[in-house]
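All remarks here apply to the structure that follows.
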Protein chains: 2
Amino acid sequence: MSRRRSSSVTIRDVARKAGVSVATVSRYINRNAPVSQEVAERLDEVMIEMRYVPHAAARHLASRKTRVIGLLLNNLHNDFFVPLLNGVEGVIRKKGYNLIVATYHADIRNETPPPIGPHNTDGLLVFSDGLVDDDLINLNARGFPMVLVHRTPPPSVSIPSVTVENTEITHKLVDHLIKVHGKRRIMFLRGPIHQEDSLRREVGYKSALRANGIPFDENLILNGEFDRDIAYQVMHGFLNNGRQIAFDAVFTGDDDSAIGVLRALHQHDYRVPEEIAVVGFDDLGFASFLSPPLTTVRAPTEAVGRIATERLFGLLENQLSDEVMILPTEIIFRRSCGCQS
Amino acid sequence: MSRRRSSSVTIRDVARKAGVSVATVSRYINRNAPVSQEVAERLDEVMIEMRYVPHAAARHLASRKTRVIGLLLNNLHNDFFVPLLNGVEGVIRKKGYNLIVATYHADIRNETPPPIGPHNTDGLLVFSDGLVDDDLINLNARGFPMVLVHRTPPPSVSIPSVTVENTEITHKLVDHLIKVHGKRRIMFLRGPIHQEDSLRREVGYKSALRANGIPFDENLILNGEFDRDIAYQVMHGFLNNGRQIAFDAVFTGDDDSAIGVLRALHQHDYRVPEEIAVVGFDDLGFASFLSPPLTTVRAPTEAVGRIATERLFGLLENQLSDEVMILPTEIIFRRSCGCQS
DNA sequence: ACGGTTACTGTAAACGGTTACATTATTTCA
DNA sequence: TGAAATAATGTAACCGTTTACAGTAACCGT
């Protein structure tokens, strides 16, 4: 009659049954020291027979490695995350690691610490503003492996980072609306405040206006939050209240918001692109089948996920690298901007 | 000069600095025994000052709880997963748990055990065919908490399950194509083999044909795998090779596949819905803005994720329940079937 | 033949928490 | 007022691994 609280089979049970010490079993499992042919075979049998699975927590505690990678997102409201997750997950599975996904609102006022970090993962992929700079600097100072995704490191810190080119391509896209389609009152939907993609896109937007001698009008900036539903609401609100403010095009911030914007425009009987041109960003799978087909910027989102994860594993294996990697983007011209119509 | 291998601060450090025992610290952290006002305040200070974060693995090992829920998917190739994940993640965060997401190809021939299970999670959400029946039965027999998502339990096992109504609604939808739009050669794109949604939809499809006296034609069944790209390829291949086989409508299996199908039809210059009607399933966010707007079945995917997770927590708290929950679905008529044109 | 590797194995101390059990001081209540 | 319950705390065993250290036996080169 044992005092054991648990019913699960442990390494000791295996060791006893196979007539060896637990150390030998552990070494065989981890293949980090030679074991005699005979013992190996016996262990294989016993382990299968007893359905032994090593207890992860015990392993983590003893080895000080979790074999878990964390992905910190700020929300899960965007189809954008499917290709991203897919890229990340593929690499992680290949490496035999596990993926923990958490959403966290990095906010100075957020009292609770991030749910994932050094205490439960070996490394973190931090998307966008998933962590505030302070946390980032702190973790980095403690030598915790991280790779930033769709954001660059805070000044004076060097953390590897993978993102896409935003500024120039947005400049080009807005420039296209102006030069080719004669638009001059172009609305811009911001993403979340402090979101780097959004910031850079805004820079590109403004520089294109400036380059074309078009005055910037604060009234044409809306906060779409890169969220389909919020974009819809904010656009809907604008159309209800502010009909007096003229506009002839919308840069929706991202493709997901484009859906909300299109819905609102549609509801208010605007014709796209004849009256209002609409362009997005990301080139999500549905973009070419929206009505009208969406002119947008193709971003290699799955590659971002894949490369970021590979770099994180590089870090775990002590291959240092601190460069910011910016993947190229390209404009896909479709009908919503007025092309191909 | 200590022998400590790690540099991180432990509960013992906190205890020493606060002048109490580790037991007291532990109890205060877990709020599972009263602690004097004075000690509480001192601990708060010390813990913040030392930036103490409990080591997850140690906690798990000692308490035999991981505070981690696993979500087992068969892939991450579908925008469908965003609302699902969102529903799941919301509940998990509220409970202070963590979410581990894994893809696993449940296959008799798959030698490696599932990456998540009793050894690293407190419970599992098993999507579709994420696990083979044997594994399911096995884990269930060991009393491991699980909730099935978009599938029902194998015969003679009772595991709670949350899914959506497939058969009747598909019957209705196909019936609509036949009765209202006069279609008689309706193509059906299957999902992954053994995928229950797909199987049930097929049943509904066939029963609608039968009810209308239309003979079933095996040639009109394609394997779209519920995957946008595969659906495109298979449709594209069909249109290239099989032009002799007439058809006048496509039930694409799900909305994601609808995108692939639309692309292929478009490329081959078919007009939708005039020549070919197209209908999907799920009503993903983009469905109403496809070109043409997609007639589809609205599935409460986020609710499925939320409810399944809530039921899993119910299980963790020993509230038994073994019923199969089937959430209602409804047809959303848009233009791609021929309505509203 | 002998010191030095190499192959294989075992013992026991971590790893960083939780918690059963024990203890003392303080209330509560018949 | 005395017994019992409650509050607050400490001691130490335990959770299931990994791994430093130690040891034995076989092998190797000179």
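Predicted model only: the values in this text are computed from it and were never measured. Convention: sequence-line order gives letters A, B, ...; per-chain numbering from 1.
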Taking only the side-chain nitrogens and oxygens of [X], find out if one of them lies under 4.0 Å from OP1 or OP2 of [N].
| X | N | value |
| --- | --- | --- |
| N32(B) | dT18(C) | no |
| T24(A) | dC8(C) | no |
| R64(A) | dG16(C) | yes |
| R59(B) | dT18(C) | yes |
| S21(B) | dG10(D) | yes |
| S26(B) | dT18(C) | yes |
| Y52(B) | dG17(C) | yes |

Whether F127(B) and F80(B) hold their rings parallel, tilted or perpendicular, with breakpoints at 30° and 60°: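 Ring orientation, 0 to 90° scale: tilted.
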Donor/acceptor link under 3.5 angstrom from R12(B) side chain onto base of dG17(C):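 By the distance-only test, yes, there is a pair.
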Heavy atoms from C-beta onward define the side chain here; which of [options] lies closest to that of [X]?
| X | options | result |
| --- | --- | --- |
| H55(A) | dT17(D), dA8(D), dT18(D) | dT17(D) |
| V22(B) | dG16(D), dG16(C), dA12(D) | dA12(D) |
| A58(B) | dG16(C), dT19(C), dT19(D) | dG16(C) |
| A23(A) | dT9(D), dT11(C), dT9(C) | dT11(C) |
| A62(A) | dG16(D), dA7(D), dT19(D) | dG16(D) |
| I11(B) | dT18(C), dG16(D), dT19(C) | dT18(C) |
| S36(A) | dG16(D), dT19(D), dC8(C) | dC8(C) |

Roughly how many Å is it from [atom1] in [X] to [atom2] in [N], rounded to a whole number?
| X | N | atom1 | atom2 | result |
| --- | --- | --- | --- | --- |
| L43(A) | dT9(C) | CG | C1' | 12 Å |
| N30(A) | dT19(D) | CG | P | 7 Å |
| R67(A) | dT18(D) | CZ | C1' | 14 Å |
| M50(A) | dG16(D) | CE | P | 13 Å |
| N120(A) | dG17(C) | CG | C1' | 15 Å |
| M47(B) | dG17(C) | CE | C1' | 13 Å |
| D13(B) | dG17(C) | CG | C1' | 13 Å |
| K65(A) | dA14(C) | NZ | P | 21 Å |

Residue met sooner reading DNA chain C from 5', once V53(B) and V39(A) are mapped to nucleotides: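 It is V39(A) whose nearest nucleotide is closer to the 5' end.
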Upstream residue (5' side of DNA chain D) when R27(B) and L61(B) are each assigned their closest nucleotide: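 Nearer the 5' end of the strand: R27(B).
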No-hydrogen, no-angle side-chain donor-acceptor test under 3.5 Å, H194(A) and D129(A):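 Checked: H194(A)/D129(A) side chains show no N/O donor-acceptor pair below 3.5 Å.
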Base-pairing assignment for dG29(D) (Watson-Crick or G-U wobble, both under 3.5 Å):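 Paired with dC2(C).
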Any side-chain heavy-atom pair of D122(A) and V68(A) under 4.5 Å: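 Side chain of D122(A) against side chain of V68(A), heavy atoms only: no contact under 4.5 Å found.
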Neighbour count >12 (heavy atoms, 6.0 Å) for atom CD, Q319(A):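 Count over threshold, so yes.
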Residues, nucleotides or ligands: over 12 heavy atoms within 6.0 Å of E38(A) CD: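 No.
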Cation-pi check, R31(A) onto Y28(A) ring (under 6.0 Å, within 45° of axis):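 Checked: cation-pi criterion met.
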